[in-house]
Visitor: 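Structure incoming, see below.
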Amino acid sequence: PALLAGLFYALIYLYWRLQQRHQRRLTTLNADLERRVAEQTRDLQSERSRLSNILEGTGAATWEWNAQTGETRFNARWAEILGYRPEALLPMTRDGWIALIHPEDLARTRQLLGAHLKGESAQYVCESRLRHQDQHWVWTLSTGRVMSRTPDGRAEWVSGTLLDISEMRAAQQERERFANLLRGVLQAATDFSIIATEPDGLITVFNAGAERLLGYRAEEMVGRQTPALIHLPEEVMQRGVELSAAEGVEVQGFRVFLHVPERDGSEQREWTYVRQDGSRVPVSLTASVVRSERGEIVGYLGIAQDISARL
């Protein structure tokens, strides 16, 4: 009996020691888990704060839409872009959102969103006009992505951002109006050959006056040829020799037309143009540099006039 009692107590003691060890292990694991959760929570809060700062810095609004239930969520910036207080748009339904879209943009918005929901595009990106509370239209850029799908593969939650791009669109329209006006002026100037090029010499503008003087069509020249086609090689070579001797540096090829304009802004000089039919015509050519607002060379412009009558 004493032996059995000793064995029994030994088993009890062993069990108690195992329990203590197990408890300490659980305590250690629990503490480690709590530490990791706390670290991840801090990281998540930091990431959310960083994301919030980025969104605030870019002026972007956020939106979420459940494609299955129609539930929508918008932040305060989304409402602000359209001139509303956030509570004035609650609850925002799918139909309410659609009612804000310009009628001319609705079909395209639906097409792009539908394609993304079906997995036909990696991201939903759409420029559209939304109705402001004051009844004017606000140009916006909406981007989003399906974040979750139902078990059978249908799009569920879609999240994205919204940017007010009204100023950008206004500037773009102004540039287009100016470009159209300039195009009209260029085409109306039939007494002058106006040719513009990229910095490497590729022709970008070939107006009606150039077509009339040289016999080429604009579509034959723009994006395909350089002014070398309409110049006498021997004249270009001779001018290169003169410039090289005067400047102390080698000047040849297309650089013959650019060396002085890049230094002085422009140069007027008489040249001989070669027409498409091979005939020649003397011209007075003013070559100038086209620079960006930052002073970078973005192209060159040549305006020539037939001076045959003077000779």
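Basis for what follows: all heavy atoms, side chains included, without hydrogens, waters or symmetry-related copies. In this text, all values refer to a predicted model and were calculated from it rather than measured experimentally.
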Visitor: Is any side-chain N of the basic residue among Arg239 and Glu270 closer than 4.0 Å to the acidic one's carboxylate O?
Guide: no

Visitor: Just wondering, do Leu213 and Val283 contact through their side chains at under 4.5 Å, heavy atoms?
Guide: yes

Visitor: Under 3.5 Å, is there a donor-acceptor pair between the side chain of Glu198 and the main chain of Ile203?
Guide: no

Visitor: Report the C-alpha distance between Arg108 and Glu127 in whole Å, list the side-chain angles of each, state the deciding distance to 0.1 Å, and finish with yes or no for salt bridge (charged side-chain N to carboxylate O under 4.0 Å, His left out).
Guide: CA-CA 9 Å; Arg108 183 168 178 271; Glu127 290 186 12; over 6 Å; no

Visitor: Under 3.5 Å, which donor-acceptor pairs do the side chains of residues 222-230 form with other protein atoms, sequence neighbours left out?
Guide:
{"from": "Thr226", "atom 1": "OG1", "to": "Ala228", "atom 2": "N", "distance (Å)": "3.3"}

Visitor: So, do His259 and Glu247 sit near enough that their side-chain heavy atoms are less than 4.5 Å apart?
Guide: yes

Visitor: Measure from the side-chain N and O atoms of Gln305 to the backbone N and O of Asp191, and report whether any donor-acceptor pair falls under 3.5 Å.
Guide: no

Visitor: Is it the case that one hydrophobic cluster holds both Ile303 and Met221, taking links as side-chain heavy atoms less than 4.5 Å apart, direct or via other members?
Guide: no

Visitor: Is any side-chain heavy atom of Tyr300 closer than 4.5 Å to one of Leu258?
Guide: yes

Visitor: Identify the two heavy atoms, one from Ser159 and one from Met147, that lie closest to each other, and give their separation to 0.1 Å.
Guide: OG-CG, 3.5 Å

Visitor: So Tyr124 and Leu112, do their side chains get closer than 4.5 Å, heavy atoms only?
Guide: yes

Visitor: Atom CD1 of Ile101 and atom CZ of Arg129: how far apart are they, to the nearest 0.5 Å?
Guide: 11.5 Å

Visitor: Using the rule that two of Ile, Leu, Val, Met, Phe, Trp, Tyr join whenever any of their side-chain heavy atoms come within less than 4.5 Å, decide whether Val158 and Leu100 are in one cluster.
Guide: yes

Visitor: Using side-chain heavy atoms (C-beta onward) and a distance below 4.5 Å, is Ser142 in contact with Val125?
Guide: no

Visitor: Please determine whether a side-chain nitrogen of the Lys or Arg among Arg73 and Glu71 lies less than 4.0 Å from a carboxylate oxygen of the Asp or Glu.
Guide: yes

Visitor: Just by modelled atom types, is the Pro282 backbone N or O under 3.5 Å from a matching donor or acceptor in the Thr272 side chain?
Guide: no

Visitor: Looking only at heavy atoms, what is the nearest atom pair of Trp63 and Thr161, with distance?
Guide: NE1-O, 3.2 Å

Visitor: If you take all heavy atoms of Val260 and Ser266, which pair is closest and at what distance?
Guide: CG1-O, 4.2 Å

Visitor: Got a donor-acceptor contact below 3.5 angstrom from the Ser148 side chain to the Glu156 backbone?
Guide: no

Visitor: Over all heavy atoms of both residues, which pair between Arg145 and His116 is shortest? Give the atoms and the distance, please.
Guide: CA-NE2, 3.2 Å

Visitor: Counting only heavy atoms not in Arg85, do more than 12 sit closer than 6.0 Å to its CZ atom?
Guide: no

Visitor: Show, in sequence, the C-alpha distance, side-chain angles and deciding distance for Arg275 and Asp277, and conclude whether the salt bridge (charged side-chain N to carboxylate O under 4.0 Å, His left out) test is met.
Guide: CA-CA 5 Å; Arg275 295 188 174 104; Asp277 61 8; 5.5 Å; no

Visitor: Who passes ring pair (Phe, Tyr, Trp, His ring centres under 6.0 Å) against Tyr84, sequence neighbours left out?
Guide: none

Visitor: Please name all residues satisfying salt bridge (charged side-chain N to carboxylate O under 4.0 Å, His left out) with Glu235, sequence neighbours left out, ordered by chain then number.
Guide: none

Visitor: Looking at Gln268 and Ser284, what are the two nearest heavy atoms and their distance?
Guide: NE2-OG, 3.0 Å

Visitor: Atom CG of Leu285 and atom CD of Glu267: how far apart are they, to the nearest 0.5 Å?
Guide: 8.5 Å

Visitor: Are Val251 and Ile297 linked, directly or through other ILVMFWY residues, by side chains that come within less than 4.5 angstrom of each other?
Guide: yes

Visitor: What pairs of residues pass the ring pair (Phe, Tyr, Trp, His ring centres under 6.0 Å) test when at least one of them lies in residues 202-231, not counting sequence neighbours?
Guide: His231-Phe257, His231-Trp271, His231-Tyr273

Visitor: Quick one: does Thr109's side chain have a donor or acceptor within less than 3.5 Å of a partner on Asp105's backbone?
Guide: yes

Visitor: List in chain and number order the residues that pass side-chain contact (heavy atoms from CB on, under 4.5 Å) with Glu174, two or more places apart in sequence or in another chain; answer none if no residue qualifies.
Guide: Arg177

Visitor: Report yes or no: does Gln173 contribute a side-chain atom to a donor-acceptor pair with the main-chain N or O of Ala170 at less than 3.5 Å?
Guide: no

Visitor: Side-chain heavy atoms nearer than 4.5 Å, only ILVMFWY residues, links allowed to pass through others: does that put Leu106 and Leu162 together?
Guide: yes

Visitor: For the residue pair Pro199 and Val298, what are the closest heavy atoms and their distance?
Guide: CD-O, 3.4 Å

Visitor: Do the side chains of Glu234 and Gln238 get nearer than 4.5 Å, heavy atoms only?
Guide: no

Visitor: Tell me if a side-chain donor or acceptor on Asn75 pairs with a main-chain N or O of Thr62 at a distance below 3.5 Å.
Guide: yes

Visitor: Is the number of heavy atoms from other residues, nucleotides or ligands within 6.0 Å of CD (Glu219) greater than 12?
Guide: yes

Visitor: Kindly indicate whether the side chain of Asn66, heavy atoms from C-beta on, has any atom under 4.5 Å from the side chain of Thr72.
Guide: no

Visitor: Other residues, nucleotides and ligands only: do more than 12 of their heavy atoms fall within 6.0 Å of CE on Met237?
Guide: no

Visitor: Check whether Phe254 and Leu214 end up in the same hydrophobic cluster, where Ile, Leu, Val, Met, Phe, Trp and Tyr are linked by side-chain heavy atoms less than 4.5 Å apart.
Guide: yes

Visitor: Check whether any side-chain heavy atom of Phe74 sits under 4.5 Å from a side-chain heavy atom of Ile81, and report yes or no.
Guide: no

Visitor: Any salt bridge (charged side-chain N to carboxylate O under 4.0 Å, His left out) involving residues 250-259? Give me the pairs, sequence neighbours left out, ordered by first then second residue.
Guide: Arg255-Glu262

Visitor: In Å and rounded to the nearest 0.5 Å, what is the CZ to CD distance from Arg154 to Gln68?
Guide: 4.5 Å

Visitor: Given the rule in the side-chain contact (heavy atoms from CB on, under 4.5 Å) test, do Trp65 and Leu113 qualify, once you have shown the distances and angles that lead to the verdict?
Guide: CA-CA 12 Å; Trp65 172 53; Leu113 182 57; 3.7 Å; yes

Visitor: What is the ring orientation for His136 with His132, classed by angle as parallel under 30°, tilted 30 to 60°, or perpendicular over 60°?
Guide: parallel

